[in-house]
Peer 1: 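One structure, pasted below without further comment.
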Amino acid sequence: MENKVAKSGSATLTVGDKSVELPVLKGSVGPDVVDIRKLYGETDVFTFDPGFTSTASCESQITFIDGDQGILLYRGYPIDQLAESCSFLEVAYLLLNGELPTASELTEFEHTITHHTMVHDQFNRFFQGFRRDAPPMAIMVAAVGALSAFYHDSTNIHDEKQREISAHRMIAKMPTIAAQAFKYSVGQPFVYPRNELSYAENFLRMCFSVPAEDYKPHPVAVKAMNHLLILQADHEQNASTSTVRQAGSSEANPFACIAAGIACLWGPLHGGANEAALNMLKEIGTVDKIPAFIEGVKNREQKLMGFGHRVYKSYDPRAKVMQKTAHEVLDAFGMHDDPLMKVAMELERIALEDQYFIDRKLYPNVDFYSGITMNALGFPADMFTVLFAVSRTVGWIAQWNEMISDPSQKISRPRQVYTGAPHRDVAPIEKRG
Ligand code: ACO
C-alpha cells in the first residue's frame, strides 16, 4: 500500500510549559486527523481514548463510512449499488484488489476460489472432538485457527504469493467450514462443495442438502444470501477488523489473525447482535408488548438489540437493503404474515418516533433485519454470527493485507493511564494484612 495521506495544516497543543505543533492530515473524504505520533516524545504525555472514539488507528483505502449521512462505500462504490448489481465474488475481488473485475478477471477469480473450497480430508475429523451440541460459532473459532496447522505452507506473511494463497484458501473454505459446523451441530453428515454452483448457492446447498434429498436453493434465497454476504463484507475499523489488524501487527499468521477476528465478532455488541436481535423479537412476541418493552429499554433494563451504532448516527444503509431483502424472502416463502417481521416493523416505527432514540440518534443497524432474513432462510439463531464471519472474512483479509503492506505500520501497542498502587516493597508474610 502506498501512503496517500497528506498534510493540510497544523494544530498546536500546549501541555504545562511545553507546546508542540502537530500536523493535521487530510484523507480523500471524511474528517481531517491530528497526527499525534510525536506527542509523547516532545511533551511526555499520552492521549486517552478508551474505545477509540476519537482515534484513527491506521490509514486505509478500502471502506468509507459517513455516519451522519448514512453512507457506506467499498473502494468508493455505494453499498446499495454493489448489492443490487454484483455477485459476492465480484465484491470480494473489489475489496481485495481495489477495482471491480473485468469479465475475464472475474472468471479467473471464481475459478480460483471455487477450486479451493474443499478442506483437507483430515480436517473433517477435527470436528469429531467437539461435543455433539457444540455451538457452531465455538467450532468456527477453533477450526479457523486450526487451518494454520493444515495449511502451514502459506503462513509466511513476508511472501506476497503465500499471502495471496492463504487469502484465497480462507475465502474459499470459510463457507465449507461454516456449513460443517452447522451440520455437526444438527447431527447430519457433511455435504461437499460443488464447483458448478455460485458461492452463495454452494453455501446454501452445503447447509441444507442431505444425502436422502438434494436441495435446490430458491432464486430469492440465493439473492438474499448474496446480499447478506455483500452487506457484511467489510466495515472499516470495527472491533473485529481492528482485532485482526492488532493480531497481524505482531506478524502472526493470517489464519490465526482471522480466528482472532471471529472471536471478537462473536460478542453480542458486535456480530452476535443479529442473534440477540432475533431472540429479542421472539421474546417480545406480539405487537401489543412493544410499549412495555420500549419503556424497559428507556429504564435501562435492556438494550434494543439491532439498534444504535458507534459510527452511524442516521439509518444504517445496510439496514435499508436488508429490510427490503427480508420482505422479498418472506414474500417468496409465503410468510407475509411473519409475526417477527410485524414486531420488527412496529418496533422500528415506535422507536424512531420516541424522544429517547431521537436524542441519542439510534437507528436500526444491519442486524435488525438480517436475523429475520436468515431465520426465514432456515438458519437457526446460533448460525447467524457464523454467516457474518463467512461474509466478513474477505474484509478482514483485505484489511490485514493492507496493513502488512503499509510502510508506516508498526506493532500495535497502546499505552494506559496507570491508577494502581505506586511502588511498594514486598513485606514478609507474617507482617501482611
Ligand atoms: N438500546 C438502548 N439504548 C442504547 C442502544 C440500544 N441499542 N445503543 C445505545 N444506546 C444508548 C446508550 O445507553 C447511551 O445512552 P446514554 O448517553 O443516556 O448513556 C447512548 O445511547 C450512547 O450509547 P453508547 O453505548 O455510548 O454508544 P456506543 O457507540 O459505545 O455503542 C453499540 C454502540 C455497541 C452498537 C450500541 O449502540 C449497542 O449496544 N447496540 C445494541 C447492540 C447492537 O445492535 N450491536 C450491533 C452493532 S452493528 C454490528 O456490529 C454489525
Side-chain angles (χ1 to χ4, degrees), residues 49-55 63 65 67-68 70-72 74 79 83 137 227-244 261-284 290-323 325-326 343-344 347-348 350-374 381 384-396 399:
D49 187 17
F52 300 106
T53 52
S54 294
T55 298
T63 293
I65 304 173
D68 294 323
I71 292 170
L72 169 59
Y74 290 169
I79 191 67
M137 198 58 185
H227 279 179
L228 280 161
L229 290 165
I230 291 173
L231 295 179
Q232 302 182 132
D234 195 47
H235 212 226
E236 208 231 58
Q237 305 312 318
N238 58 86
S240 57
T241 301
S242 299
T243 302
V244 170
I262 296 176
C264 178
L265 186 76
W266 200 352
L269 298 190
H270 190 13
N274 47 24
E275 184 177 349
L278 190 85
N279 289 339
M280 175 194 75
L281 295 176
K282 283 183 179 163
E283 217 174 284
I284 297 172
I290 293 175
F293 181 84
I294 294 275
E295 273 318 295
V297 172
K298 285 159 50 176
N299 294 333
R300 297 173 190 276
E301 289 156 25
Q302 69 251 340
K303 273 188 171 174
L304 178 48
M305 299 311 285
F307 254 68
H309 198 274
R310 170 61 62 77
V311 184
Y312 293 120
K313 300 303 164 199
S314 68
Y315 214 99
D316 177 342
R318 302 168 301 171
K320 273 190 194 147
V321 179
M322 197 33 70
Q323 190 199 59
T325 307
V343 173
L347 197 52
E348 178 185 333
I350 293 178
L352 292 182
E353 287 173 0
D354 191 294
Q355 209 51 44
Y356 174 95
F357 297 90
I358 294 169
D359 289 347
R360 289 166 182 76
K361 298 189 176 160
L362 299 171
Y363 292 84
N365 60 52
V366 64
D367 292 324
F368 197 66
Y369 289 106
S370 65
I372 294 177
T373 310
M374 289 184 277
F384 293 179
T385 316
V386 172
L387 259 72
F388 197 158
V390 172
S391 322
R392 185 55 58 87
T393 294
V394 66
W396 288 329
Q399 301 266 355

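Residue indices begin at 1 and follow the sequence shown. Both counts, for ligands and for their atoms, begin at 1 and track the order of listing.
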Peer 1: Does any N or O of ligand 1 fall below 3.5 Å from an N or O anywhere on Lys303, backbone included?
Peer 2: yes
Peer 1: Under 3.5 Å between some N or O of ligand 1 and some N or O of Val366?
Peer 2: no
Peer 1: With heavy-atom distances below 4.5 Å as the criterion, would you say the side chains of Thr385 and Ile262 are in contact?
Peer 2: no
Peer 1: Mind checking whether Arg318 has an N or O less than 3.5 Å away from an N or O of ligand 1?
Peer 2: no
Peer 1: Determine, counting only non-hydrogen atoms of the protein, whether one lies under 4.0 angstrom from atom 42 (C) of ligand 1.
Peer 2: yes
Peer 1: Taking both backbone and side-chain atoms of His270, is any N or O found less than 3.5 Å from an N or O belonging to ligand 1?
Peer 2: yes
Peer 1: Short check: is a protein heavy atom less than 4.0 Å from atom 7 (N) of ligand 1?
Peer 2: yes
Peer 1: Purely on distance, is any nitrogen or oxygen of Leu304 under 3.5 Å from one on ligand 1?
Peer 2: yes
Peer 1: Between Gly261 and Ser240, what is the shortest heavy-atom contact and its length?
Peer 2: O-CB, 3.4 Å
Peer 1: Closest non-hydrogen protein atom to atom 9 (C) of ligand 1, residue and atom name please, with distance?
Peer 2: Leu362 CD2, 3.5 Å
Peer 1: Which of the atoms of ligand 1 are close to Phe388, meaning less than 4.0 Å from one of its heavy atoms?
Peer 2: 51 (C)
Peer 1: Looking only at protein heavy atoms, which one is nearest to atom 40 (N) of ligand 1, and how far off is it?
Peer 2: Phe307 O, 3.0 Å
Peer 1: Please write down residue, atom name and distance for the protein heavy atom closest to atom 48 (S) of ligand 1.
Peer 2: His309 CD2, 3.5 Å
Peer 1: Are any non-hydrogen protein atoms located under 4.0 Å from atom 31 (O) of ligand 1?
Peer 2: no
Peer 1: State the atoms of ligand 1, each with its element, that fall below the 4.0 Å cut-off from a heavy-atom position in Ala273.
Peer 2: 43 (C), 44 (O), 45 (N), 46 (C)
Peer 1: What is the nearest protein non-hydrogen atom to atom 21 (O) of ligand 1, stated with its residue, atom name and distance?
Peer 2: Arg360 CD, 3.4 Å
Peer 1: For atom 33 (C) of ligand 1, what is the nearest protein heavy atom, given as residue, atom name and distance?
Peer 2: Arg310 N, 3.7 Å
Peer 1: Have a look at ligand 1 and work out which part of Leu269, if any, has a heavy atom under 4.0 Å from it: side chain, backbone, both or neither.
Peer 2: both
Peer 1: Can you find a protein heavy atom under 4.0 Å from atom 24 (P) of ligand 1?
Peer 2: no
Peer 1: Starting from atom 2 (C) of ligand 1, find the nearest protein heavy-atom neighbour and note its residue, name and distance.
Peer 2: Val297 CG1, 3.5 Å
Peer 1: Go through the steps to decide whether Ser370 and Phe384 satisfy the test side chain to side chain contact (heavy atoms under 4.5 Å, CB included), and finish with yes or no.
Peer 2: CA-CA 8 Å; Ser370 65; Phe384 293 179; over 6 Å; no
Peer 1: Does OH in Tyr356 sit with more than 12 non-hydrogen atoms of other residues, nucleotides or ligands closer than 6.0 Å?
Peer 2: yes
Peer 1: Which atom pair, heavy atoms only, marks the closest approach of Leu72 to Ile65?
Peer 2: CD1-CG1, 3.9 Å
Peer 1: Identify the heavy atoms of Leu352 and Phe307 that sit nearest to each other, and give their distance.
Peer 2: CD2-CE2, 4.2 Å
Peer 1: Please examine the side chains of Arg310 and Phe52, heavy atoms only from C-beta on, and report whether any two atoms are closer than 4.5 Å.
Peer 2: no
Peer 1: Are Leu281 and Leu347 close enough that some pair of their side-chain heavy atoms sits under 4.5 Å apart?
Peer 2: yes
Peer 1: Report, in ascending order of atom number, the atoms of ligand 1 lying under 4.0 Å from any heavy atom of Gly306.
Peer 2: 43 (C), 44 (O)
Peer 1: Which heavy atom in Arg392 sits nearest to a heavy atom in Gln232, and how many Å separate them?
Peer 2: NE-O, 2.8 Å
Peer 1: If you measure from each non-hydrogen atom of Arg300 to ligand 1, which part falls under 4.0 Å: side chain, backbone, both or neither?
Peer 2: side chain
Peer 1: Would you confirm whether any non-hydrogen atom of the protein falls under 4.0 Å from atom 16 (P) of ligand 1?
Peer 2: yes
Peer 1: Please list the nearest protein heavy atom to atom 35 (C) of ligand 1 with its residue and the distance rounded to 0.1 Å.
Peer 2: Gly308 O, 3.7 Å
Peer 1: What class does the angle between the rings of His235 and Tyr312 fall in, given that below 30° is parallel, 30 to 60° is tilted and above 60° is perpendicular?
Peer 2: tilted
Peer 1: Does Tyr315 reach the side chain of Glu348, with side-chain heavy atoms less than 4.5 Å apart?
Peer 2: yes
Peer 1: CD of Glu283: more than 12 outside heavy atoms within 6.0 angstrom?
Peer 2: no
Peer 1: For Asp367, which part has a heavy atom under 4.0 Å from ligand 1: side chain, backbone, both, or neither?
Peer 2: side chain
Peer 1: Which heavy atom of His270 sits nearest a heavy atom of Ala239, and at what distance?
Peer 2: CD2-CB, 3.9 Å
Peer 1: So which bit of Tyr356 gets within less than 4.0 Å of ligand 1, heavy atoms only: side chain, backbone, both or neither?
Peer 2: side chain
Peer 1: I'd like to know whether NZ of Lys298 has more than 12 heavy-atom contacts from other residues, nucleotides or ligands below 6.0 angstrom.
Peer 2: yes
